[in-house]
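I have placed the structure first, in the form of structure tokens, so that the comments after it can refer back to it.
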There are 2 protein chains.
Amino acid sequence: MQNRPGRSPRITINDVSTAAGVSPATVSRVLNGTAKVDSSLVDRVHDAVRKLGYRPNAAAQGLARGEWGTIGVLVPDLANPYFPDVLKAVSSVARAHGRRMMVMESDEDPAVEHDLVEDLMRCCDGVLLCSPRMPRAELAELLSREHPMVLFNRVVPGLTVPSISVDFHGGMTQVCGHLAQLGHRRAAYLSGPSASWANAERIRAFEGARAFGLEVNVIECGAGSQAGYDAVGALLESEVTAILTYNDLVALGALSRLNELGVSVPAQYSVVGFDDISLDRVAHSNLTTVSVPRDELGRRAGEILEQLLVNGYDADPLYLPMALHVRDTSGPPRR
Amino acid sequence: MQNRPGRSPRITINDVSTAAGVSPATVSRVLNGTAKVDSSLVDRVHDAVRKLGYRPNAAAQGLARGEWGTIGVLVPDLANPYFPDVLKAVSSVARAHGRRMMVMESDEDPAVEHDLVEDLMRCCDGVLLCSPRMPRAELAELLSREHPMVLFNRVVPGLTVPSISVDFHGGMTQVCGHLAQLGHRRAAYLSGPSASWANAERIRAFEGARAFGLEVNVIECGAGSQAGYDAVGALLESEVTAILTYNDLVALGALSRLNELGVSVPAQYSVVGFDDISLDRVAHSNLTTVSVPRDELGRRAGEILEQLLVNGYDADPLYLPMALHVRDTSGPPRR
DNA sequence: CTGTTAGCGCATTCAC
DNA sequence: GTGAATGCGCTAACAG
């Protein structure tokens, strides 16, 4: 863009207009189809564009149009297998509406998260906030900026902001019901990040299962397979017969550890995941889990954001249902 | 950005300068630390910024500075488990240098790929091209634009462009050696996309294994687990005892199908993956495969691009080595 | 140290 | 239909 040594000078709309013998305005019209232009001029412009290799500067366009042509997505962890599908869907929707996608990662850090959102607001028409860890007040303050924003995987009661999420509560309830019907009476939940709303929803449903006679036990754990691996040790001294987890990674970590310890699943312990990251791509996975329609989620989120940008959007939070997949890691409790 | 109905008017640097009783230039200096400013003014500026909720417009900054503050990454498939780690690393490097990351997906389509690269060049200081499927000539033409660009996972002989890649050839050679030493004499390779350089490298090494007495057999397949699943049928009628694959997804799909068919692995067939996407996150994976250091790859790629932007970069293509992981899906051939 | 000025590259009024 | 002029919001000379 700038003329650094050794780099050829940037070609502007003026270069094209000169080469084509027309005004810059005409070049703009031709390129954007903004108005009718004599076909002979159209050709001359296209020729000049091609010959010069002209590419309109996106920053200049953005400035002049008052739109960046970009949406921003902030995720807590890019390496989390949950997000690629979401990003893919969002990207596709964005592109269908002529927008680019900026991606940032907060590394699960609420403080960083705040700064990144602010940064996104400086360069994007709208922001899609995935699973924000941010405290409610901070979120409210960000929303007060009146910058188009959609919340993904978190619903904040009292804040009116377009939100789309998954019915985690329902998902966890299905898991508990499944285990209870198998005969389990004591279960442990390996809890995810405490700041996570999604985690809180799971816990809420988990504790609700007490009503069905399930003795529940929440254990601080984390969000990765390592956390699951590490958390298993303490469990084996307890009376639980079923292990529920914050997500599939944790479950897989736990399974891995159980396997090492020679504990058989599901004979001695049932293990149930959450999210279903393992199935679709890794076909022979066999973890019992509940799934969320990730691409639909991403698609809908993208569409809501787009609608918000164009018409405004005002609807209640959307909850997509989860589906239970009973596979090989759950069974009747040991006697 | 623009004043749409119901949206509050955008706050500019002038609003801040007025509120603080200083010139816009001073505001700019304070915010960018470009020059020394009297501390009393600094405070007034900061107060005004906070009170007004001012956020500099990235497009305007970009235009004025002659830099977008953004790098672009183009990947063939966002949902491919290979890329999250790469994106994560690239994002982290970019941010460390104060740049944002734009992400685009070509959907494995060379035609789309071209347009997206052009688009990235309009809005990014530099472009990281992952596994481009594009024909060589087209790539050359794109490079002639003199826009900073780094090639990732593809090396094009004769084109001098910063490239970083993986020693796929070496990886495949290790796989073949492993199988040969186990006693295999007939192997099939489930080939990936034909336009893929990475695939060509694997094939080259695979065929090189003939020299060691391995009878090799390349079978068109594809890049996803479904492709692997579908490709298995035809194999069972052949004499091969080992199945090599384009990547782990294909291998897992194949395993899944073999499992359904009641064919045992590795007793009847050895199956070997490529890339090692399954291990690190899904701890109890047991696929024999070769791994690539994805985060190092992403990190180095990001750093090369950054260096290219700042100092210029001129070095030979970098090849990172792969490592063989012998796990449970490979063993001696059936008699 | 600080304010004034002049672009950055483009879209978009207006006149013609 | 087309061109000339203006401004998007900011930074970087340039004066003072």
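Every chain is numbered from 1 and lettered A, B, ... according to where its sequence line falls, protein lines coming before strand lines.
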Among [options], find the nucleotide with the atom closest to the side chain of [X].
{"X": "Ala25(B)", "options": "dG9(D), dG3(C), dC1(C)", "result": "dG3(C)"}
{"X": "Ala64(A)", "options": "dA12(D), dT2(C), dG9(C)", "result": "dG9(C)"}
{"X": "Asp38(A)", "options": "dT2(D), dA11(C), dC1(C)", "result": "dT2(D)"}
{"X": "Arg29(A)", "options": "dG3(C), dG9(C), dC14(C)", "result": "dC14(C)"}
{"X": "Ser23(B)", "options": "dT4(C), dC10(D), dC10(C)", "result": "dT4(C)"}

Lys/Arg-Asp/Glu bridge criterion (N-O < 4.0 Å) met for Arg100(A), Asp125(A):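 Salt bridge absent between Arg100(A) and Asp125(A).
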Between [N] atom [atom2] and [X] atom [atom1], what is the distance in whole Å?
{"X": "Arg44(A)", "N": "dT2(D)", "atom1": "CZ", "atom2": "P", "result": "9 Å"}
{"X": "Arg55(A)", "N": "dG9(C)", "atom1": "CZ", "atom2": "C1'", "result": "14 Å"}
{"X": "Asp15(A)", "N": "dG9(C)", "atom1": "CG", "atom2": "C1'", "result": "10 Å"}
{"X": "Ile13(A)", "N": "dT12(C)", "atom1": "CD1", "atom2": "P", "result": "11 Å"}
{"X": "Leu63(B)", "N": "dA12(D)", "atom1": "CG", "atom2": "P", "result": "12 Å"}
{"X": "Tyr54(B)", "N": "dG9(D)", "atom1": "OH", "atom2": "P", "result": "10 Å"}
{"X": "Arg65(A)", "N": "dT13(C)", "atom1": "CZ", "atom2": "P", "result": "13 Å"}
{"X": "Glu67(B)", "N": "dT11(D)", "atom1": "CD", "atom2": "P", "result": "13 Å"}

Arg99(A) side chain near Arg95(A) side chain, heavy-atom distance below 4.5 Å: no
Is the phosphate of [N], meaning OP1 or OP2, less than 4.0 Å from a side-chain N or O of [X]?
{"X": "Asn14(A)", "N": "dC10(C)", "answer": "no"}
{"X": "Thr12(B)", "N": "dG9(D)", "answer": "no"}
{"X": "Gln61(B)", "N": "dT11(D)", "answer": "yes"}
{"X": "Thr26(A)", "N": "dG3(D)", "answer": "yes"}
{"X": "Asn32(A)", "N": "dA11(C)", "answer": "yes"}

Sugar-phosphate only, base, or nothing, as touched by Pro56(B) at under 4.0 Å among non-hydrogen atoms: sugar-phosphate
Sugar-phosphate, base or nothing in reach of Val22(B), heavy atoms under 4.0 Å: sugar-phosphate
Tyr82(A) and Phe152(A) aromatic ring geometry - parallel, tilted or perpendicular at 30°/60° bounds: perpendicular
Any donor-acceptor N/O pair, Arg133(B) side chain to Pro110(B) backbone, under 3.5 Å: no
Sidechain-backbone polar pair: Arg300(A) side chain, Asp295(A) backbone, donor-acceptor under 3.5 Å: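 Not a single qualifying donor-acceptor pair exists.
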